Amino acid sequence: MAPPSVEELLRARGGDGLRPRFVSKKEREQHKRDAQQAEQSASAALKERIRAERREWERRGVQALQTPRAPDADAAKSETSDASASESASAAAPDAVVAASVRERYLGERKAGPSRKARRGEGNKRFLFEWEDTDDTSVAALGAESVLPCLGGRAGMDGSERQSTTGGRSSVRSTLAEKPWTEKRLDEMKERDWRIFREDYEISVRGRDIAPPLREWRESTIPRAVLDAIAAAGYREPTAIQRQAIPIALQQRDLIGIAETGSGKTASFVVPMLAYVLSLPKLTSETQSYGPYALVLAPTRELAQQIEGEAQRLARRLGLTIVSLVGGRDITEQGYSLRNGAEIVIATPGRLRDIIERHMLVLSQCTYLVLDEADRMVDLGFEDALNYIMDSLPRAGDAGADGAPLPRRMTLLYSATMPPSVESISQRFLHDPAVVQIGTANQAVGTVEQQVEFISSDEQRRTRMLAVLDSGYAAPMIVFVNQKTTADMVGRDLRRAGWHVAVLHSGLTQNQREEAIASVREGENEILCCTDIGARGIDLPNVSLVFNYQFPTNFASYIHRIGRTGRAGRSGNAYTLIDEHDAEHFYELRQELSKSPVSTVPAALAQHPAAQAPTVSSQ
Ligand code: ADP
Ligand code: MG
């Protein structure tokens, strides 16, 4: 089919070529790349500790590894509908099929050597395409579903870095077949297994030397008594945030935790807090006058009391005193509750400041601090109180009750969003934090740097695309367009510019689609140019850049698309071209960019009238 002319394209988009000009001259050239990729293996000491734990665990004769999360609907669909599943699923029982598919999902490993064709034939997973022809239209159904962790051939990749190639070919290493993490002992887990594990639980991490997540409660150094309390509370498995935040906090590393309400954040800071407090000498009548060892600040009375409840529950029989200090109760009575000292104080900032000002409490040995729901604390105007409390905390090296210098304070900050105010709090009060974010369903991964640029013509669309792709990203990259014909056209443009490109859309046969993805996965092509069909259900590891040639027709697709990069805690980049026709999405887009800790809202978007309030269609 002949490529449509520019005029045709403009007509298709409802434009007349004389659009208002929205010029964003801010073309940010500096692309943060691998430099910040801090996915390094944990320290040798930690590994040794884990090994020792594991030996102990095995000595106790505990065999069963926790069962993996049941494969989600799409995974099951994709796995059972393909040839490889029927191979492995000689057992007809659905459970066996699922089990086989779980295994297959992690075993889709290729051996080095054989030709590309042979490799692909070798039980390598086929790709699931969820739509046939719907990808060219606005797919309402898209919005309702959450992003699924990519299951495709992830296990087939070893995570090795690809060479940056501009116009040349990428080289990809293959690794030998390996067991899936579910079948590995803890000491067999490699960085790659942890990466897959994190993706399975939708855990994103940022920062250097991040401790591996918990596969199950017993694989951690949580004190026995706390583990017993966890069991008594009926918490059979850690939640995602607990899996990743607890090991980090047990290392006494500062932490920023981002996870939705109800995801078990409280225990994720209470458990390491109890472990920490238990490692310190019990308070005596003398040392209690130095104040608590640990402090949790929460924005509201109710929240503080909930946290107290959870802490009491998990601290059963530990012999610790936990006191909450909240407004609305008699302040002298609260002072009285401190008379025998308390290892742990849970407070709202305003009330705590009053209590400190009245000399009813000091914080002279408090070296464990939690700021829960930091964004709400800011919203409720607690920044001043927070600053006051921070000034009351000891500094590293100050003498503690025994005269010895205190360790550096460790600080954990939890927040649903990261507006600049919270960012500033974390910069002032946290030291080299690990960032843990859970879930990708409704918001972009925190590790994706999103850039947005207004363009004023489709010719500019093309030139901007070529310029951005040329600015030094490593293969593979994905270019998203909205229509099949556009995919073909852009694919041709890219090839003309010297790129190795695979095009993917619903107009191709299943084999052609698989071929297209495999060619990019295996480094034969550097760019996948696709419609929204490529936004979900496929896996390309280490995508460095998602380029949105056009803004998708619904906002959820935008999130799905940019979720193709920045996976497994790596940094990723998304570059999106927008124009007036996308105005209905500007509000959400602006919100999304301001939520992202690594993105900034361009002025042209921030000031755009359509970005000021939600539109009916974006609701
Ligand atoms: P968040 O602070 O993220 O909103 P909470 O810490 O209040 O969430 O936990 C929500 C609920 O989940 C609480 O009722 C808590 O007791 C429960 N919960 C926490 N961790 C687990 C777990 N590992 N297993 C089962 N339930 C849990
Ligand atoms: Mg909470």
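Atoms within a ligand are numbered from 1 in the order they appear, just like the ligands themselves. Just so you know, residue 1 is the first one in the sequence shown, and it goes up from there. All of these numbers come straight from a predicted model, not from anything done at the bench.
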Rounding to 0.5 Å, atoms CD (Glu449) and CG (Leu593) come to a distance of 10.5 Å
Under 4.0 Å and counting heavy atoms only, is there anything from the protein next to atom 19 (C) of ligand 1? yes
Between the CG atom in Leu412 and the OG atom in Ser268, the distance rounded to the nearest 0.5 Å is 7.5 Å
In this structure, atom 11 (C) of ligand 1 is nearest to the protein heavy atom Gly262 O, 4.7 Å
Any donor-acceptor N or O pair under 3.5 Å, side chains Arg206, Ser204: no
Taking NZ, NE, NH1 and NH2 as the nitrogens, is one of them in Arg316 or Asp228 under 4.0 Å from a carboxylate oxygen of the other? no
Would you indicate whether Arg358, at its atom CZ, is surrounded by more than 12 heavy atoms from other residues, nucleotides or ligands within a distance under 6.0 Å?
no
In this structure, atom 14 (O) of ligand 1 is nearest to the protein heavy atom Arg313 NH2, 4.8 Å
shortest atom 2 (O) of ligand 1-to-protein heavy-atom contact is with Thr266 OG1, 3.4 Å
Carboxylate-amine/guanidinium proximity below 4.0 Å for Lys595 and Asp375: no
Quick look: Glu237 vs ligand 1, heavy-atom contacts under 4.0 Å, and the answer is backbone
| task | Kindly indicate whether atom 16 (O) of ligand 1 is approached by any protein heavy atom to under 4.0 angstrom. | result | yes
Practice problem: Could you tell me if any non-hydrogen atom of Ser263 lies under 4.0 Å from any atom of ligand 1? | Solution: yes
shortest atom 8 (O) of ligand 1-to-protein heavy-atom contact is with Gly264 N, 3.1 Å
Notebook entry, point to check: In terms of heavy-atom contacts, does CZ of Arg428 have more than 12 from other residues, nucleotides or ligands at under 6.0 Å?
Noted result: yes
protein heavy-atom neighbour closest to atom 27 (C) of ligand 1 works out as Tyr235 CE2, 3.4 Å
